[in-house]
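What follows is one structure encoded as structure tokens, with my remarks underneath.
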Amino acid sequence: MDHQREALLHLTQLWRGIATREQAIQTLIDDLKRMQRANRGSPDAPPQPVPIILPTRPDRWTPSNLQLHAAIIPNGSFTWATATQGEHRCPTIR
């Protein structure tokens, strides 16, 4: 996780043209404070979350309609992502 945080801080530095890591951190803190104080609908307010609408479960699973996030059996915990090892081992059509 540390390397990801450092990579994001470095990208912030590059994107904003900031000289040091500490300045990048300070600009992010300032952004957070500004978002927390902002009124709803203002340009500084964080965007409202948009709910993800999941596709309906098919009556029968086929290789063309697999939903990696979905449980294979309704209300189960074994997903297609686990079963196919992230689509590396997809089932064949019979």
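The model shown is predicted, which means the values in this text are computed figures rather than measured ones.
- Nearest heavy-atom pair, N65 versus P58, reported as atom, atom and distance to 0.1 Å: ND2-CB, 3.2 Å.
- Checking each of Q13, E6, H10 against R21 for a side-chain hydrogen bond (donor to acceptor under 3.5 Å, both in side chains) leaves exactly one that passes, namely E6.
- For the pair T82 and F78, the tightest heavy-atom approach, listed with the atom from each and the gap, is CG2-CE1, 3.4 Å.
- Q67 has its side chain within reach of W61: a pair of non-hydrogen atoms, C-beta onward, lies under 4.5 Å apart.
- For the pair A71 and G76, the tightest heavy-atom approach, listed with the atom from each and the gap, is CB-O, 3.3 Å.
- Side-chain contact between Q23 and R16 is absent, with no heavy-atom pair separated by less than 4.5 Å.
- Side-chain atoms of D44 and M35, non-hydrogen and from C-beta on, never get closer than 4.5 Å to each other.
- Annotation: the span from T12 atom OG1 to I18 atom CD1 amounts to 7.0 Å, rounded to 0.5 Å.
- Within a 6.0 Å radius of CD1 in I73, no more than 12 heavy atoms belonging to other residues, nucleotides or ligands are found.
- No side-chain heavy atom of T79 sits less than 4.5 Å from a side-chain heavy atom of I72.
- Considering all non-hydrogen atoms of both residues, A38 and S42 come closest at CB-OG, 3.4 Å.
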For this session: Could you go through the side chain to side chain contact (heavy atoms under 4.5 Å, CB included) check for T20 and I25 one step at a time?
Result: CA-CA 9 Å; T20 69; I25 291 171; over 6 Å; no
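- We find the CG-CZ distance between D30 and R34 to be 6.5 Å, quoted to the nearest 0.5 Å.
- Inter-residue side-chain proximity for R5 and L8 is flagged as unmet; no heavy-atom pair is nearer than 4.5 Å.
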